[in-house]
Amino acid sequence: KMEQDLAQSLQPGWLGRWEKKIRHLTPGPLIGEGMFGQVRRAQLSTHGRRLDVAAKTVRVEDSQSYRDFYREAAILVAVHQQRNGDGRKSHIIQLVGLITKSVEKYILLEYAPKGDLLGFLRRIGNINEEDLLGNLLGYAVHIARALQELERLRIAHRDVAARNVLITADDVAKLADFGLARDVYATTQYVRANRPGVDELLPLKWMALESIETGEYTCESDVWSFGVLLWEIATLGKDPCYDGRTQLSFLQMVGILRQGIRMKRPPGCPEDLYRLMRACWCDVPATRPTPEGMEKRLMQQR
Ligand code: ADE
């Protein structure tokens, strides 16, 4: 079904407005690399102007990464197609264009000069700024809005985590990486699936219990991951840990979560914020907060 949707959304008509010419792209330095693809900073010339972009490529030999590439392209096209001036800015990374007609294929995204939220959190770790948490919760509000956009489109992101949030030049947090991210960043966070017939690397410690057990992803499972993202914010980018352990196998993770064990309240984390995380980690998906509810609760805590 997904594949069909993808094929459909990538029909020439749909794509026409996004397709760019490879000769208008000037590749620059590598800013991310993984097993299946690369991200380069690049410049796109359009109508005599030069625009900074992040250009994501795919290595053509691999069919899984090819699927991920087209999945990401289709989702971004859908997201930016649907936006019809509801007055609110999108909190999903802006698609600039696609290059699909040359041998080398690219997804072109707005360039986010401040990099990803995880790196940002780790860099500010030693700065003692006043109201640091309040400012960081502003980013969380942005991502709660991104989840509302996805909910309206009935799209699950599947990999909500600080490493997949980008900070733009005007200090807005945007959700990114709808498919390739898992290879581009800290690969050690992805554990091989332990289900028959499934061979993929999974971001175990960000995943809802039901996603680990059944491989199903929903907007509610994204909310679970958002709770882990809040934990990353509250710890300024620590590696999620259960019982002091950061390296957990598939079966250990299932065992821990089934027993009802959850991550502890980080030192200095306000009770309200921890309560919100815990609500995201409810084992019944329908009882987790909605993205809209989370935005409201976060606004109150800032
Ligand atoms: N890394 C991955 N995507 C990026 C983007 N859009 N801007 C900056 N760095 C990135």
Side-chain angles (χ1 to χ4, degrees), residues 18-20 22 24-46 49-59 62 65-66 68-81 83 89-100 104-124 136 139 142-143 145-147 149-150 155 157-190 201 203 206 225 229 232 237:
W18 298 104
E19 188 73 28
K20 306 291 175 200
I22 190 133
H24 289 163
L25 190 72
T26 312
L30 203 60
I31 52 180
E33 184 165 29
M35 266 188 297
F36 303 122
Q38 292 184 332
V39 187
R40 282 184 180 281
R41 188 173 176 176
Q43 287 196 316
L44 183 71
S45 317
T46 43
R49 274 181 305 165
R50 286 172 167 275
L51 186 67
D52 275 329
V53 296
K56 300 182 84 164
T57 55
V58 64
R59 268 227 297 262
D62 183 291
S65 41
Y66 222 73
D68 287 349
F69 179 86
Y70 277 103
R71 175 172 185 273
E72 171 151 33
I75 289 173
L76 288 169
V77 166
V79 166
H80 296 292
Q81 209 96 1
R83 278 182 47 222
K89 288 222 166 68
S90 176
H91 288 281
I92 291 165
I93 197 79
Q94 180 65 49
L95 180 65
V96 173
L98 299 169
I99 298 175
T100 63
E104 254 194 293
K105 315 209 179 298
Y106 292 95
I107 296 175
L108 308 177
L109 303 168
E110 79 180 289
Y111 180 68
K114 294 185 181 172
D116 66 273
L117 178 60
L118 184 60
F120 186 86
L121 290 168
R122 291 182 174 173
R123 279 196 304 277
I124 57 174
L136 292 176
Y139 294 145
H142 296 163
I143 300 309
R145 289 181 190 153
L147 293 182
E149 293 176 53
L150 291 179
I155 291 172
H157 181 281
R158 307 189 201 189
D159 201 2
V160 174
R163 62 184 169 275
N164 292 334
V165 171
L166 292 169
I167 315 286
T168 66
D170 41 8
D171 222 26
V172 176
K174 294 195 178 185
L175 192 54
D177 287 305
F178 292 75
L180 270 183
R182 68 195 54 196
D183 311 303
V184 172
Y185 293 94
T187 1
T188 55
Q189 298 296 5
Y190 298 90
L201 295 173
W206 282 260
S225 310
L229 185 150
E232 293 182 277

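Whatever order the structure lists them in is the order used to number ligands and atoms, beginning at 1.
- Of the heavy atoms in Ala54, only side-chain atoms (C-beta onward) come closer than 4.0 Å to ligand 1.
- The backbone N or O of Thr100 lies less than 3.5 Å from a partner atom in the side chain of Lys105, making a donor-acceptor pair.
- Looking at residues two or more places apart in sequence or on another chain, you find a side chain to side chain contact (heavy atoms under 4.5 Å, CB included) between Pro27 and Arg40.
- Using a 4.0 Å cut-off to heavy atoms of Tyr111, the atoms of ligand 1 that qualify are 7 (N), 8 (C).
- Annotation: Val39 places no N or O atom under 3.5 Å from an N or O atom of ligand 1; distance criterion only.
- Contacts of Leu166 with ligand 1, taken as heavy-atom pairs under 4.0 Å, involve the side chain alone.
- Stacking of Arg158 on the aromatic ring of Trp206 is not recorded, the 6.0 Å distance cut-off and the 45° axial limit not both being met.
- No donor-acceptor pair closer than 3.5 Å links the side chain of Gln43 to the backbone N or O of Asp52.
- Ring orientation note: the planes of His91 and His142 are close to parallel, at an angle under 30° on the 30°/60° scale.
- Only the side chain of Ile31 comes within 4.0 Å of ligand 1, judged by heavy-atom distances.
- Residue-level proximity to ligand 1 for Glu110 is carried by the backbone, the only part with a heavy atom below 4.0 angstrom.
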